[in-house]
Amino acid sequence: MVFKPLKYIAHNSLSFTSIFYRCKSMKEFKQAHAQLIIKGLPHPPSSLRPIISFSALHPSGDIAYALLIIFRTSTPPTAFLFNTVIRGLARTRHSDSPRNSVLVFYRMVEFDLAPNHFTFTFLFQACANSMAFNLGQQFHCMVIKKSWVIDGFIRNSIIQFYSVCRKLGDAQRVFDESGELDVVSWNSLINGYVKNGDISEALGMFGKMPERNVASWNCLIGGLVRFDRLDDAHRFFVNMPERNLVSWVVMIAGYAQNGMPMEALALFREMQLLDQEPNAAILVSVLSACSQLGALDHGKWVYSYIIKNFIKIDLILSAALIDMYAKCGSINMAIQVFSSSLEKDVSAYTAAISGLAINGRSEEALRLFEQMKGEGITPDSVSYIAVLCACSHMGWVKKGFCYFNSMLDEHGIKPELDHYACMVDLLGRAGMLEEAERFIASMPINPDNVIWGALLGACRTHGNAEMGQRVGNLLIESDQCHDGRYIILSNIYAESNKGDDAEEVRRTMRRRRIKRVPGCSSIEVDGVVHEFVAGDRSHDKTEEIYSVWQEMVREIKNFGYMAETRGVLFDVEEEEKEAVIGYHSEKLALAFGFICTEPGSMLRIVKNIRICNDCHSAIKLVSMVFNRKIAVRDRKRFHHFEGGSCSCMDYW
DNA sequence: TAGTGGCCTG
């Protein structure tokens, strides 16, 4: 190991103290400390303080080292030093931390050092951070029994502790019994109600607060976001007297995590216009919004912002970047970010594996999965979703089952509903419908509608009307509000020439007032995301879009394009059916892309539902005839069209 | 992000 030489040579303990304060990492720090020891210099209290503070509190610190110094040096320890170690343990959200905090606390007592206000605040924090209810309760009893004066900090730590442990009755009692409450007491309790699922109580308390600070508003906004009340959250956000970085994080992350990526980006833009510097947490949410939208230009901008501003790419940010590039269809860039990360954890690997899988590079995905295991990184339940997804996209049934079985056998990971859904998808796509149904029957947990939905989709793909009808009706009755299942069932009927049954399903849908979520495609041009629905005429360039597409159709018809009208329900002439599917949203987005971009450049389209057969074959031909690379991301995966073929090899 | 410290919001 190579150590950088010390910049300053110290000759007495006091000058060492100033060196300790300048250290940037634990490695550097230990090197300086070693010099002090080698020189045989003493550890006066003034030099012990920075030694313990650094080792116990610095992000690269080493709490065991701090304890070793306390116990091994001849200088008698002080309550401050013990408090610092307890504080360090309380902050680390590690499962051992409360137990270790208590052990350190007992050693402190053994040294005849009396705990003080700081000690208890840190101990309650440790218990809260690790949800150690019994332990925290014992400390609460101890404080009362010893008639310890409970100051504002201790009281608030106790309220916070009970709130975090979801013991709202206890938290409320401490709150009610205290004569002197401050804004932090209110915030802790409000947050307790939010985390406990009681948003109305939280709102009520917020209304009654004698004074509020920015954290009070943030607590409430965070609560509303948790309850999917994004509009209410935004109203509070707009009206709050002042905002801090956390306010922006709460709101932007709220949008990004609730499927409102456009709103997340709009708010991020507002933040920039106000010259507010984003932090890594905000950039992670912005990247997630870019992933959802497939907005590669926005994502690239975030990446260059990170580089330009020397923002540290930690494990979370690195996984977010990999995910963004992969979900925007730029898989090579995703792999580049992955390869250049110095540190890789299971999330980074999983983002890369899943990225390769959805981009049709399943072999590499599985190779990377094996490499990850080879590096000694244990896969988690999410990695297995990515792996099963890779198998499913290629129809690798046998391999899929091998991995599925290895989850429990090799890593003790119990398959969850998502994994079973992947397996049903794998069997269903491969046309093994009977096997898929038997697999569902053999599941040790109750199958949910996602699983039956996967089977229903497969019934349509493989034209099994009998099973489709059975599964479709079961699904529709168990969840009457899901529009997609009605559509698939009616399509199954339509495709097996049962027009009356198909129409009946549509009638039921209308009777139950089920609103159909429209198929919607977006394309990003010059950093602006343009959205289209089927038959959309709302765009400024509508006339041009339609005429360009008609021209393109004429062209590809010369190369054998025939409109695939099998799935179109309406009882109309063939020509009209062509018109219905002729303006699917992805086709409009594609035509718009042709208008606005240079010939030969790549086009990226994102669709909210699965691409239909007709669009798939039309775009294949467009890629060949017009010599364009076109990437279409549908609900499940990417289709990379080039030279007349698709990366999915027509298996999707 | 550590300097005799502590409670609330991500």
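These values consider heavy atoms only, across backbone and side chains, with no hydrogens, waters or symmetry-generated copies. Being a predicted model, the structure only gives us computed values, none of them experimental. In the text below, chain A, chain B and the rest are named by the order of the sequence lines, each starting its count at 1.
When each of A/Leu168, A/Asp170, A/Asp176 is tested with A/Gln172 by the rule side chain to side chain contact (heavy atoms under 4.5 Å, CB included), just one qualifies, namely A/Asp176.
The nucleotide whose nearest atom lies closest to any side-chain atom of A/Asn213 is, among B/dG5, B/dC8, B/dG6, B/dC8. Of the candidates B/dC8, B/dG6, B/dG10, B/dC8 carries the atom nearest the A/Asn187 side chain, counting heavy atoms from C-beta on. Nearest to the side chain of A/Asn83, among B/dT9, B/dC7, B/dG5, sits B/dG5. Closest contact between the side chain of A/Asn218 and the listed nucleotides B/dG5, B/dT9, B/dG6 involves B/dT9. Candidate nucleotides B/dC7, B/dG6, B/dA2 were compared by shortest atom distance to the side chain of A/Phe54, and B/dA2 ranks first. Distance from the side chain of A/Ala215 is smallest for B/dT9 among the nucleotides B/dT9, B/dG5, B/dC7. In the set B/dG10, B/dA2, B/dC7, the nucleotide with an atom closest to the side chain of A/His58 is B/dA2.
Among the heavy atoms of the strands lying under 4.0 Å from A/Arg87 are primed sugar atoms or P, OP1, OP2 only; no base atom is included. At the heavy-atom level, A/Ile190 lies nowhere under 4.0 Å from the strands shown. A/Asn191 comes within 4.0 angstrom of the backbone, heavy atoms only, and of no base. Within 4.0 Å (heavy atoms only), A/Phe153 reaches at least one base atom of the nucleic acid. If you check every strand for non-hydrogen atoms under 4.0 Å, A/Phe124 touches nothing. Nucleic acid contact class of A/Pro59 (heavy atoms, under 4.0 Å, all strands): base. Among the heavy atoms of the strands lying under 4.0 Å from A/Val246 is at least one base atom, whether or not backbone atoms are also near.
The gap from the P atom of B/dC8 to that of B/dA2 amounts to 15 Å, rounded to the nearest Å. Spacing between B/dG6 and B/dT1 at atom P, rounded to whole Å, works out to 13 Å.
One interatomic measurement links the two molecules: NZ of A/Lys30 to P of B/dA2, which rounds to 19 Å at whole-angstrom precision. Per the geometry, CD1 belonging to A/Ile51 stands 15 Å off P belonging to B/dG3, to the nearest Å. As a whole-Å value, the separation of A/Ile282 CD1 from B/dT9 C1' is 13 Å. Protein atom CG of A/Asn116 is 10 Å distant from nucleotide atom C1' of B/dG6, rounded to whole Å. For the pair A/Phe80 CZ and B/dA2 P, the interatomic distance rounds to 12 Å; values are reported in whole Å. In this entry the distance linking OH of A/Tyr193 with P of B/dT9 reads 16 Å, nearest Å. Atom-to-atom, CZ of A/Phe20 to P of B/dG3 comes out at 15 Å; the value is rounded to the nearest Å. Rounding to whole angstrom units, CG of residue A/Leu220 and C1' of B/dG10 are separated by 15 Å.
Proximity of the aromatic rings of A/Phe161 and A/His140 is defined here by a centroid distance below 6.0 angstrom, and this criterion is not met. In this structure, A/Phe139 has its ring center closer than 6.0 angstrom to the ring center of A/Phe105. Here A/Phe54 and A/Phe20 keep their ring centres 6.0 angstrom or further from each other.
For a distance-only test at 3.5 Å, the side chain of A/Asp151 qualifies as a donor-acceptor partner of the base of B/dG6.
Residue A/Gln160 has no polar side-chain atom (N or O) positioned under 4.0 Å from OP1 or OP2 of B/dG6. At least one side-chain nitrogen or oxygen of A/Arg91 sits closer than 4.0 Å to the OP1 or OP2 atom of B/dA2. At least one side-chain nitrogen or oxygen of A/Gln125 sits closer than 4.0 Å to the OP1 or OP2 atom of B/dC7.
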Run the ring-ring contact (aromatic ring centres under 6.0 Å, His included) check on A/Trp217 and A/Phe206 step by step: do they pass? CA-CA 8 Å; A/Trp217 290 83; A/Phe206 183 82; 5.1 Å; yes
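Ionic pairing of A/Lys27 and A/Asp62 is not present here: no N-O contact between side-chain nitrogen and carboxylate oxygen is shorter than 4.0 angstrom.
Other residues, nucleotides and ligands contribute at most 12 non-hydrogen atoms within 6.0 Å of the CD atom of A/Glu180.
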